[in-house]
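All values reported here derive from a predicted model rather than from experimental measurement. What's counted below: heavy atoms across the whole structure, side chains too, no hydrogens, waters or symmetry copies.
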Amino acid sequence: MLRETHEAPAAIQQRIACAGGINRFGEPNFRVVWGGSRLTWIGGRWTDHDSSGNLVREAIELRQVPKYLPHDRWHIERWAPPELYGPPERWYDETAETENGVRVPALGPFPARGEYEHCFTLETAAGDFLQLTTSACDWIVRAIKWSHCQPPQVRHRALTLREEARMRAQDREDDEILESV
């Protein structure tokens, strides 16, 4: 499978790092990644097919797959410390799956150095592609700095409202699809 991959320009990554600060591992707290370039570990049963769709093999293993949709967008990530994921033993207990007697960590290895999690996708209000430019970067930097000044309850309420709005929009889309059938 071919994926379109990109790296954010160093100047933009540097601006984001300056705005968001550095974590205890010397890495930026925020970063910009291209959807098709950002991979994550997923464990489970995988089936591989040839170009005609014929089954070639089945395997129970860890694989790296694209983490974000859409793949053709820039995504902003925020670093989360390893303790956010609990102790490693609990991680494996809660995320492991068993397939044909083989135990595999469904979410991959424990993130011992923390993990970058999705903050938002850089796109227009209509969901179209938005180029990563210095002005887009400046907007991101301002948003990061502004969010640092907000009390936790305000940030939580904003996330709740955003998620509720997203779910209402998804419900409307689902209703439209069902009504057209």
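The backbone N or O of Leu130 lies less than 3.5 Å from no partner atom in the side chain of Thr124, so there is not a single donor-acceptor pair. When atom types are taken as modelled, the side chain of Tyr92 and the backbone of Phe110 share a donor-acceptor pair closer than 3.5 angstrom.
One distance of note links CG of Leu122 with OG1 of Thr133; it measures 8.0 Å at 0.5 Å rounding. For the atom pair Tyr85 OH and Glu117 CD, the distance stands at 3.5 Å (nearest 0.5 Å). Distance check: Thr40 OG1 to Glu115 CD gives 5.5 Å after rounding to the nearest 0.5 Å. Expressed to the nearest 0.5 Å, how far CZ of Arg168 lies from CD of Glu173 amounts to 13.5 Å. With rounding to the nearest 0.5 angstrom, the CD atom of Gln170 is 7.0 Å from the CZ atom of Arg166.
Here the closest heavy-atom approach between residue Ile42 and residue Trp46 is recorded as O-CZ2, 3.5 Å. Between Leu62 and Pro105, the shortest heavy-atom distance links the atoms CD2-O, 3.2 Å. Taking both residues in full, the closest heavy atoms of Ile177 and Ser180 are given as O-OG, 2.8 Å, listed atom of the first, atom of the second, then distance. Residues Arg3 and Ser37 share a closest heavy-atom pair of NH1-CA, 3.8 Å. Contact between Ala8 and Leu132 at its shortest, heavy atoms only, is CB-CD2, 3.8 Å. Minimum heavy-atom separation, Glu58 to Leu55: CG-CD1, 4.3 Å.
Leu39 and Val33 fall into different hydrophobic clusters, where Ile, Leu, Val, Met, Phe, Trp and Tyr residues are linked whenever their side-chain heavy atoms come under 4.5 Å apart, directly or through other members. Connection of Trp79 to Phe30 is not established within any shared hydrophobic cluster, with ILVMFWY side chains joined at heavy-atom distances below 4.5 Å, either directly or through further cluster members. Hydrophobic clustering (side-chain heavy atoms under 4.5 Å, transitive across Ile, Leu, Val, Met, Phe, Trp, Tyr) keeps Leu107 apart from Trp41.
Considering only heavy atoms from C-beta on, Arg15 comes within 4.5 Å of Asp138 through its side chain. In this structure, Gln153 and His156 have side chains that are not in contact, with every pair of non-hydrogen atoms separated by 4.5 Å or more. With contacts defined as side-chain heavy-atom distances shorter than 4.5 Å, the pair Asn100/Arg45 qualifies. Counting only heavy atoms from C-beta outward, the side chains of Arg157 and Thr160 approach each other to under 4.5 Å.
The neighbour count for Gln14 CD, taken as heavy atoms of other residues, nucleotides or ligands under 6.0 Å away, does not exceed 12. Open room surrounds CD on Glu7; 12 or fewer heavy atoms of other groups in view lie less than 6.0 Å from it.
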Per-pair distances, 0.1 Å, donor-acceptor, side chain in residues 17-28, under 3.5 Å, sequence neighbours excluded:
from, atom 1, to, atom 2, distance (Å)
Asn23, OD1, Phe25, N, 2.8
Asn23, OD1, Gly26, N, 3.3
Asn23, OD1, Glu27, N, 3.1
Asn23, ND2, Glu27, O, 3.4
Arg24, NH1, Glu83, OE2, 3.3
Arg24, NH2, Glu83, OE1, 2.7
Arg24, NH2, Glu83, OE2, 3.4
Glu27, OE2, Arg113, NH2, 3.1

Review item, side-chain donor-acceptor pairs of residues 63-78, under 3.5 Å, at least two apart:
from, atom 1, to, atom 2, distance (Å)
Arg63, NE, Glu61, OE2, 2.6
Arg63, NH1, Asp48, OD1, 2.8
Arg63, NH2, Asp48, OD1, 3.2
Arg63, NH2, Asp48, OD2, 2.9
Arg63, NH2, Glu61, OE2, 3.0
Lys67, NZ, Tyr116, O, 2.9
Tyr68, OH, Glu77, OE2, 2.6
Tyr68, OH, His118, N, 3.3
His71, ND1, Tyr68, O, 3.0
Arg73, NE, Glu123, OE1, 3.3
Arg73, NH2, Gly127, O, 2.8
His75, ND1, His118, NE2, 3.1
His75, ND1, Thr121, OG1, 3.1
His75, NE2, Pro70, O, 2.9
Glu77, OE1, Arg31, NE, 2.6
Glu77, OE1, Arg31, NH2, 3.1
Glu77, OE1, Arg38, NE, 3.4
Glu77, OE2, Arg38, NE, 2.5
Glu77, OE2, Arg38, NH2, 3.2

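Classified by interplanar angle (parallel below 30°, tilted 30° to 60°, perpendicular above 60°), the ring pair Trp139/Phe120 is perpendicular.
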